[in-house]
Amino acid sequence: MARIWYDDLVFYGSVIASSGSYPGTFIELGQAALQMEASAYDVELRPADIDELKTQILSMRMFPDVPDGLHMLKDAGFRLATLTNSPPGAQGSEFQLSHAGIADLFEQHFNTSSVRTYKVAPSAYHMVAEQMGVPMSACCMITAHQWDALGAQFVGYSSALMHRPGQATLPMLGLPQPLAVARDLPGVATQLIQIRRGR
C-alpha cells in the first residue's frame, strides 16, 4: 500500500505541476493522497493518521551508504546541492538532512515550493542551475527515482540512478539513460568520478 500511495503521489504531483497549479506543499499533497487511498480501499482514516504521515516523512532514515558517497563526490570536486519537493526549513528536507548529519556537505538546498510547483516541472530544475550559476548541461541529478532522472534529463541535465529496492531504469528506445547506475551512492559516485577523469 505504501508503494501505491507513493506512486499516486508522484503521478498526481506531475499532473498538477503540468497544469501550472500549486494547491499546497508536497507533504499536504501526500496527506491528500493518503485520504484518497483510504477512500478507494475503504479504510478508516483518523485525523491523527494524517498527522502521523507528516511525522513519518520528516523522520525518514537515510540509507547508510549515503554519507560515504557524498564524501566521495565532494572530495572529487563535485559541487553538491539538493532539490526536493519537501517544503523548506524545519518543515522539510533541511530538517531531515540536519537530523541525518549531512546538511553541511551541500552547498545549497533547493525546494520546489520556491517556484510553486513540484518535480518534474522544468522550472524546478532550471531554478537550481540558475541559482548555482551553471549551465543545465553541467548538472547531474543523482536519484533513486527514474521519473526524477527523466525530468532532469528532459531539460538538459545528465543523471545517475541508484537501484534502491523497487527501483530500476526504464529501458525504452528514445528515452535518455543515466550516465551511471549502481545499487548505492558510493557505486554511483565511483562511476561519475571515473567519467569526470575521462576513464
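Positions are given from 1, in the same order as the sequence printed here.
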List for me each residue that meets side chain to side chain donor-acceptor pair (under 3.5 Å) alongside Glu52, sequence neighbours excluded, and say none if there are none.
Gln56
Considering residues at least two apart in sequence or located in another chain, which fulfil the side-chain contact (heavy atoms from CB on, under 4.5 Å) criterion with Pro135?
Ser137, Ala138
How long is the span from the CD atom in Glu107 to the CZ atom in Phe110, to the nearest 0.5 Å?
8.0 Å
Hydrophobic cluster identity match, Phe63 and Leu80, side-chain contacts under 4.5 Å:
yes
Considering only residues two or more places apart or on different chains, which pairs with a residue in residues 30-42 satisfy side chain to side chain donor-acceptor pair (under 3.5 Å)?
none
Looking at residues at least two apart in the chain, or sitting in another chain, which of them share a ring-ring contact (aromatic ring centres under 6.0 Å, His included) with Phe106?
His109
Using atom types as modelled, flag every donor-acceptor pair under 3.5 Å from a side chain in residues 166-188 to any protein atom, sequence neighbours excluded.
{"unit_1": "Gln177", "atom_1": "NE2", "unit_2": "Leu170", "atom_2": "O", "d": "3.1"}
{"unit_1": "Gln177", "atom_1": "NE2", "unit_2": "Leu175", "atom_2": "O", "d": "3.4"}
{"unit_1": "Arg183", "atom_1": "NH1", "unit_2": "His163", "atom_2": "O", "d": "3.3"}
{"unit_1": "Asp184", "atom_1": "OD1", "unit_2": "Gly187", "atom_2": "N", "d": "2.8"}

Could you give all pairs that pass the ring pair (Phe, Tyr, Trp, His ring centres under 6.0 Å) test and reach residues 13-37, with sequence neighbours left out?
Tyr22-Tyr118, Phe26-Tyr118
Donor on one side chain, acceptor on other, Asn85 and Thr112, under 3.5 Å
yes
Sequence neighbours excluded, which residues qualify as side chain to side chain donor-acceptor pair (under 3.5 Å) partners of Thr190?
none
Hey, any chance Met162 and Leu192 share a hydrophobic cluster, counting ILVMFWY side chains that come within less than 4.5 Å of each other, even indirectly?
yes
Please tabulate, one pair per line, all N/O donor-acceptor pairs under 3.5 Å involving side-chain atoms of residues 69-77, not counting sequence neighbours.
{"unit_1": "Lys74", "atom_1": "NZ", "unit_2": "Leu105", "atom_2": "O", "d": "3.4"}

From CG (Leu34) to CD1 (Ile50), nearest 0.5 Å
6.5 Å
Hydrophobic cluster membership, Ile27 vs Ile16, 4.5 Å side-chain cutoff
yes
Can you give me the closest heavy-atom contact between Val115 and Ala124, atom names plus distance?
CG2-CA, 4.1 Å
Of all the heavy-atom pairs spanning Pro67 and Pro64, show the shortest one and how long it is.
CD-O, 3.5 Å
Taking side-chain contact (heavy atoms from CB on, under 4.5 Å) as the definition, give me every residue that meets it alongside Val15, ordered by chain and number, with sequence neighbours left out.
Phe11
Report yes or no: do Ile57 and Leu83 belong to one cluster of Ile/Leu/Val/Met/Phe/Trp/Tyr joined by side chain heavy-atom distances under 4.5 Å?
yes
Under the side chain to side chain donor-acceptor pair (under 3.5 Å) test, which residues partner Tyr6, sequence neighbours left out?
His145
Only pairs under 3.5 Å count here: list side-chain donor-acceptor contacts from residues 125-134, not counting sequence neighbours, and write none if there are none.
{"unit_1": "Tyr125", "atom_1": "OH", "unit_2": "Asp148", "atom_2": "OD1", "d": "2.7"}

Taking only residues two or more places apart in sequence or in another chain, which ones pass salt bridge (Lys or Arg N to Asp or Glu O under 4.0 Å) with Asp49?
Arg46
Over all atoms of both residues, closest heavy-atom pair of Ala144 and Leu161
C-CD1, 3.8 Å
Roughly how far apart are Ser159 OG and Ile142 CD1, rounded to 0.5 Å?
9.5 Å
Single-linkage hydrophobic cluster Ile4~Leu53, side-chain heavy atoms < 4.5 angstrom
no
